Amino acid sequence: MTRLVENDIAGLERELDVYEEELLKKTGLNLSEVACAGGNITIHDLRKAAQSYRVAVVPITSGEGVIGGFTQFVASIIRKMGFQATVTEETDVAGFYEGVCQENEIIFMADDKKFIALNLRTKKVIDNGYGTGRGFGAALAGMADGLAGREVLVIGFGPVGSSAAEYLLESGAKVAVYDQNELRMKETKKDMKQEPNLKQALKIYDFLIDATPEGEFISPEDLTDQAMIAAPGIPLGLNAQAFEKYKDRVIHDPLQIGVATMLALAVG
Ligand code: 2YG
């Protein structure tokens, strides 16, 4: 799991509207719609939940400590979806206590190992990796105008890649998986095809999920002309030339889709 740094999120809060316009242009869906698709809830239910739940985001100082702007950006993404969200004054347990006492029933918090959304009313807890994978699966489906019956290659079968693959199977897509780690390849489900050679696979699949922590391993000549890429992996797997050529068909962000889908899953 890649740990974000302050620079990965600096200034993104101000650009959330522009980000959402781009997302809409590429997928035909706004952030809440992508989150609802990934979270298997309706926009109507999300709107209802926004009237009934308040959200607290708690800064956690353990391990490598607080990431500048992280909790504020998480809260602004949640507000973008129509919910009331605040970052607690206090951090850690004191922050959790503050959030609960202020009657927030959804708590977001992240240390260096886990980033979760906890629903205190239903006791449902959602992991960021799970939300991110499903959300980017839904975004790719939006960009492709549906993936039922289509072949999708998932690169990287960690928590994000495996939940993206799960979402894609649910959507009726034919899922193939490549992971450089053989043990991970063994974890793929029976109805998923294993692709042993990445370069060969990139030449045949038009729909890709890049769920690896590797950067810049994909060049323009590796990809098909029709390629569409949803890339939750940080850093981006496309190199600069590939990004330049395919940027209108690439979805990549450090937190927006993952946090939005966590919220949809937490209230669903
Ligand atoms: O409260 C804080 O500011 C810090 N304790 C947050 C630490 C977050 C560490 N995790 C990550 O940076 C990422 N796993 C977050 C998810 C990125 C998904 N693309």
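Order of appearance sets the numbers: ligands from 1, and atoms from 1 within every ligand. Not measured: the values here are computed from a predicted model.
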For Gln194 and Tyr178, which I'm curious about, is there any donor-acceptor pair between the side chains at under 3.5 Å?
no
Please check if any side-chain donor atom of Asp92 sits under 3.5 Å from a side-chain acceptor atom of Thr61, or the reverse.
yes
Does the pair Glu166/Lys189 count as a salt bridge with the N-to-O cut at 4.0 Å?
no
Ring center gap for Phe70 and Phe115 short of 6.0 angstrom:
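Yes: the rings meet the under 6.0 Å criterion.
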Ile209 and side chain to side chain contact (heavy atoms under 4.5 Å, CB included): which single residue from Ile155, Leu153, Val175, Val152 fits?
Val152
Between Asn104, Val259, Ile106, Ile78, which is the residue that forms a side chain to side chain contact (heavy atoms under 4.5 Å, CB included) with Val57?
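The side chain to side chain contact (heavy atoms under 4.5 Å, CB included) with Val57 is passed solely by Ile78 among Asn104, Val259, Ile106, Ile78.
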Tabulating one pair per line, provide the atom names and distances (0.1 Å) for every N/O atom of ligand 1 that is less than 3.5 Å from a protein N/O atom.
unit_1   : atom_1 : unit_2 : atom_2 : d
ligand 1 : 1 (O)  : Ile60  : N      : 2.9
ligand 1 : 1 (O)  : Ile60  : O      : 3.4
ligand 1 : 3 (O)  : Ile67  : N      : 2.9
ligand 1 : 5 (N)  : Ile60  : O      : 2.8
ligand 1 : 5 (N)  : Ala110 : O      : 2.8
ligand 1 : 12 (O) : Leu4   : N      : 2.7
ligand 1 : 14 (N) : Thr2   : O      : 3.4
ligand 1 : 19 (N) : Pro254 : O      : 2.8

